[in-house]
A.B. asks: 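Here it is: the structure, laid out below.
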Amino acid sequence: MNAVLSADKLGLSYPGRGLLKQRSARPALRDVSLSIAAGDSVGLVGASGAGKSTLLRILLALEKPDAGTVTFSGSPVVPGPASSLRWYRRAVQYIPQNPSASLDPAMSVERLLLEPLRQLRIDGDHRGMILNALQRVDLDPGMLTRRPRELSGGQKQRVAIARALVPAPSILLADEPVSGLDLPLRNTVLELMEHLVHRDGLGLLLVSHDLAAVARLCPQTLVLSGGRVVEQGPTAAVYAKPRTREAKELVTSIPRLSRYKDTDEHKP
């Protein structure tokens, strides 16, 4: 497994306000390190404001850290012109939290899936690539002519995943991919993502408030609080016996795994 996305000792502070801007700068990330390889799945959990979105933006090369580095298979990843990042966008793709906001309502599903192939200048049989991506998310080719307003919430999320898959990436960065979905649709999407990791060998960073989803998909979990990784290790151990105060508060404040113990009984 050569495709590895690594972050090493990332740090970022946002400017403060007023006359003493330097003294009042807000640290968003402090000394954050993680690694995701093809075939691995890692969970990232934390309360609102913990720094998860900032970390995602840096991993997506949308923001430059003040300290630390991001590398993909040993090559540095630095924000810059779109042309300089095509290689990286082909390898690392993003699954958004809100597919309704990320899918252009004026485009058909076919155009939505064709767009990243054109933007990333990927040659080959585009129609075949699109059909393959649809098949991987269990959507019928008849969906290609539809527009987002004609899709259900679960279908929109699967189109968003197909859009991330069409460039054939090695790593997926998923931001709350089951947020807002009802239980049957949630289970359908989680099962799909399980297949992508275990069957297809993709790497996955799952950012989520849904501890049960992380427990189902990710053998390893990092807990982010105040911009720092306060705890990391096997997911079962982090949940059962959190060592830090921040991790304990997170685990006890979010509905527990028992809510989803019967997930297999609810699969459609």
A.B. asks: For a 4.5 angstrom cut-off between non-hydrogen side-chain atoms, does L165 reach L196?
C.D. replies: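 They are in side-chain contact.
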
A.B. asks: What heavy-atom pair brings V230 and S225 nearest, and what distance separates the two atoms?
C.D. replies: CG1-CB, 3.9 Å

A.B. asks: Is a side-chain N or O of S102 found less than 3.5 angstrom from the main chain of P96, in a donor-acceptor match?
C.D. replies: no

A.B. asks: With distance as the sole test, does S179 use its side chain to make a donor-acceptor pair with the main-chain N or O of E176 at under 3.5 Å?
C.D. replies: no

A.B. asks: Would you say that P116 contacts R163 through its side chain, given a criterion of any heavy-atom pair below 4.5 Å between the two side chains?
C.D. replies: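 With C-beta onward as the side chain, the pair touches.
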
A.B. asks: Using 0.5 Å steps for rounding, measure from the CD atom of Q97 to the CG atom of D175.
C.D. replies: 5.0 Å

A.B. asks: Is any side-chain heavy atom of R158 closer than 4.5 Å to one of Q155?
C.D. replies: yes

A.B. asks: Check whether any side-chain heavy atom of V189 sits under 4.5 Å from a side-chain heavy atom of L181, and report yes or no.
C.D. replies: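 Sidechains of L181 and V189: in contact.
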
A.B. asks: Could you give the distance from OH (Y14) to CG (L29), rounded to the nearest 0.5 Å?
C.D. replies: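 These two atoms lie 7.5 Å from each other.
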
A.B. asks: To check you understand the geometry: which heavy-atom pair defines the closest contact between Y94 and A164, and what is its length?
C.D. replies: O-CB, 3.8 Å

A.B. asks: Indicate yes or no for a side-chain donor-acceptor contact from Q93 to the backbone of R89 under 3.5 Å, with no hydrogens or angles considered.
C.D. replies: yes

A.B. asks: May I ask you to decide if T71's main-chain N or O and S75's side chain share a donor-acceptor pair within less than 3.5 Å?
C.D. replies: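 The answer is no, because no donor-acceptor pair under 3.5 Å joins these two groups.
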
A.B. asks: Using the rule given for side chain to side chain contact (heavy atoms under 4.5 Å, CB included), can you reason through K52 versus V45, listing the C-alpha separation, both sets of side-chain angles and the distance that settles it, and then say yes or no?
C.D. replies: CA-CA 8 Å; K52 302 187 300 296; V45 300; 5.8 Å; no

A.B. asks: For A213 versus L190, what's the shortest heavy-atom pair and its separation?
C.D. replies: CB-CD2, 3.9 Å

A.B. asks: What closest approach, in Å, do G43 and V214 show between heavy atoms, and which atom pair accounts for it?
C.D. replies: CA-CG1, 3.9 Å

A.B. asks: Search all heavy atoms of K156 against all heavy atoms of L151 and return the closest pair with its distance.
C.D. replies: CE-O, 3.5 Å

A.B. asks: Measure across I36 and I171 and return the closest heavy-atom pair with its distance rounded to 0.1 Å.
C.D. replies: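 For I36 versus I171, the nearest heavy atoms are O-CD1, 3.7 Å.
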
A.B. asks: Would L10 and D31 satisfy side chain to side chain contact (heavy atoms under 4.5 Å, CB included), going step by step from the backbone distance to the final call?
C.D. replies: CA-CA 5 Å; L10 295 179; D31 201 31; over 6 Å; no

A.B. asks: Side chain of Q157, backbone of P177: donor and acceptor closer than 3.5 Å?
C.D. replies: yes

A.B. asks: When rounded to the nearest 0.5 angstrom, what is the spacing between CZ in F72 and OG in S170?
C.D. replies: 4.5 Å

A.B. asks: Does some side-chain heavy atom of V42 sit less than 4.5 Å from a side-chain heavy atom of C218?
C.D. replies: no

A.B. asks: Treating R147 as the side-chain partner and A106 as the backbone partner, does any N or O pair qualify as donor plus acceptor under 3.5 Å?
C.D. replies: yes

A.B. asks: Would you call R111 and E115 a salt bridge, using N to O less than 4.0 angstrom?
C.D. replies: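 Looking at R111 and E115, the cut-off is not met.
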
A.B. asks: Give the C-alpha distance, both sets of side-chain angles, the deciding distance and a yes or no for side chain to side chain contact (heavy atoms under 4.5 Å, CB included) between Q232 and L34.
C.D. replies: CA-CA 10 Å; Q232 61 182 309; L34 59 83; over 6 Å; no

A.B. asks: Ignoring hydrogens and geometry, is there a side-chain-to-backbone donor-acceptor pair from E231 to T244 under 3.5 Å?
C.D. replies: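 Checking the backbone N and O of T244 against the side chain of E231, a donor-acceptor pair under 3.5 Å is found.
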
A.B. asks: Can you confirm whether P105 sits close enough to R149 that some side-chain heavy atom of one is under 4.5 Å from a side-chain heavy atom of the other?
C.D. replies: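 Sidechains of R149 and P105: no contact.
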
A.B. asks: Using 0.5 Å steps for rounding, measure from the CG atom of L217 to the NE2 atom of H198.
C.D. replies: 7.0 Å

A.B. asks: Find the distance between CG (L172) and CG (L5) and round it off to the nearest 0.5 Å.
C.D. replies: 11.0 Å

A.B. asks: Please examine the side chains of D66 and S13, heavy atoms only from C-beta on, and report whether any two atoms are closer than 4.5 Å.
C.D. replies: yes

A.B. asks: Rounded to the nearest 0.5 Å, how far does OG of S41 lie from CD of E194?
C.D. replies: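 Answer for the CD-OG pair, E194 versus S41, is 9.0 Å.
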
A.B. asks: Quick check on R121: does its CZ atom have over 12 non-hydrogen neighbours (other residues, nucleotides or ligands) under 6.0 Å away?
C.D. replies: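 12 or below, so no.
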
A.B. asks: Please tell me if the side chains of I161 and L192 come closer than 4.5 Å, counting only heavy atoms from C-beta onward.
C.D. replies: yes

A.B. asks: Between R127 and E110, does any side-chain N to carboxylate O distance fall below 4.0 Å?
C.D. replies: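 A salt bridge links R127 with E110.
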
A.B. asks: Just do the side chain to side chain contact (heavy atoms under 4.5 Å, CB included) check on L12 and E63 with the steps written out, would you?
C.D. replies: CA-CA 10 Å; L12 179 67; E63 192 156 4; 3.5 Å; yes

A.B. asks: Less than 3.5 Å apart, which donor and acceptor atoms pair up between the side chains of residues 133-146 and the rest of the protein, not counting sequence neighbours?
C.D. replies:
residue	atom	partner	partner atom	Å
R136	NE	D200	OD2	3.3
R136	NH2	D200	OD2	3.1
D140	OD1	G142	N	2.7

A.B. asks: Can V78 be reached from V4 by stepping across I, L, V, M, F, W or Y side chains whose heavy atoms are under 4.5 Å apart?
C.D. replies: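 V4 does not cluster with V78.
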
